[in-house]
Amino acid sequence: MHALTHDGVTLHILDEGPRDGRVVMFGNSLGSDLRLWEALIPHLPEGLRLIRFDKRGHGLSDCPPGPYSIEDLSGDAAVICDALGLRDVTFIGLSIGGLIGQNLSARRPDLLRALVLMDTAAKIGTPEMWNERIANVRRDGIASISDAILARWFAPGFAEAHPAEFTLCRNMLERGPDEGYAGCCAAIAGADQTEATRALKLPVMAMTGADDASTPPDLVRGTAELCGAEFHEIANAGHLPCYEQPEAVAALLKDFLDRT
Ligand SMILES: O=C(O)CC1=CCC(=O)O1
């Protein structure tokens, strides 16, 4: 299945690997789509069933009018799991994808086996900050703030060392619909998973890029401590370590998958 429609919203899904493989599902960050994981996937162990999807308002998925809530977004992930018959899912969520993973783990513990929190937190930023970003995007478009966003996505020097990859990321960000981006900003503004994440019972691993300016190491470590998760800092990476340091991320994931 490459797509499903739920409540009038069509979601784009990639379901790869053996049907009977261990299920790993990915939640993408704000302004990115399922291509975000392409650098990482070749470094993952063989035999996994890899589920990627474009959250609403991103990639090929529909872009209903915002604002969205974190429950809307985790509800989409749950609908995909139910439609594909997925259970024992290891969910790897990056940034807003990590908020989706925390919310999904709390709402639908029957679906998940383990959780990886990548460059994320129980609460990211403040409502004021997100409302200002929403206003800017609605007035002038994502491209008007993309330089600042991209500066947080990567460690210093990445753009100069990898200009083509940097350009692809800029294209992915700027070509997404403003409405979908603003809708997801609203979901982040309204999300506080602190109490829900404190109560999580499943195995959790947290990691973040050492140079992440969006969800810095101390913030991510604080969320890891809420649920007794192990915490790892990835050198020479900003907000998207799966893209910038895929081998280091894959090594941590392989070890976690072996133990859970
Ligand atoms: O745009 C950023 O600052 C990075 C980011 C915050 C939440 C998310 O998903 O990405």
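Both ligands and their constituent atoms are indexed starting at 1 by order of listing.
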Salt bridge or not between R198 and E195? Use side-chain N to carboxylate O under 4.0 Å.
yes
Any idea which atoms of ligand 1 are less than 4.0 Å away from a heavy-atom of W130?
6 (C), 7 (C)
Counting from 1, what ligand 1 atoms have a heavy atom of I188 closer than 4.0 Å?
7 (C)
Return the residue, atom name and 0.1 Å-rounded distance of the protein heavy atom closest to atom 8 (C) of ligand 1.
S95 OG, 2.6 Å
Once salt bridge (charged side-chain N to carboxylate O under 4.0 Å, His left out) is applied, what residue pairs with a partner in residues 233-244 remain, sequence neighbours excluded?
R221-E233
For ligand 1, does I149 get within less than 4.0 Å through its side chain, its backbone, both, or neither, judged by non-hydrogen atoms?
side chain
Provide the number and element of each atom of ligand 1 under 4.0 Å from a heavy atom of L30.
8 (C), 9 (O), 10 (O)
the protein heavy atom lying closest to atom 4 (C) of ligand 1 turns out to be S214 OG, 3.3 Å
Within the structure, does I124 bring an N/O atom to less than 3.5 angstrom of an N/O atom in ligand 1?
no
Which atoms of ligand 1 sit under 4.0 Å from any heavy atom of I96?
8 (C), 9 (O)
Quick one: do the T208 and D119 side chains pair a donor with an acceptor below 3.5 Å?
yes
Apply side chain to side chain contact (heavy atoms under 4.5 Å, CB included) to the pair F53 and N28, showing each step before the final yes or no.
CA-CA 8 Å; F53 68 102; N28 320 323; 5.8 Å; no
Centroid-centroid distance, H162 to F158, less than 6.0 Å:
yes
Quick one: nearest non-hydrogen protein atom to atom 5 (C) of ligand 1, plus distance?
H239 NE2, 3.3 Å
What about S29: any of its N or O atoms under 3.5 Å from an N or O on ligand 1?
no
Contact region, T120 to ligand 1, non-hydrogen atoms below 4.0 Å, reads neither
Does the pair R170/D147 count as a salt bridge with the N-to-O cut at 4.0 Å?
yes
Test: E247 and K254 ion pair at under 4.0 Å:
no
Looking at every heavy atom in both I145 and R133, which two are closest together, and how far apart are they?
CD1-CG, 3.6 Å
Under 4.0 Å, heavy atoms only, figure out whether ligand 1 is touched by the backbone of R133, its side chain, both or neither.
side chain
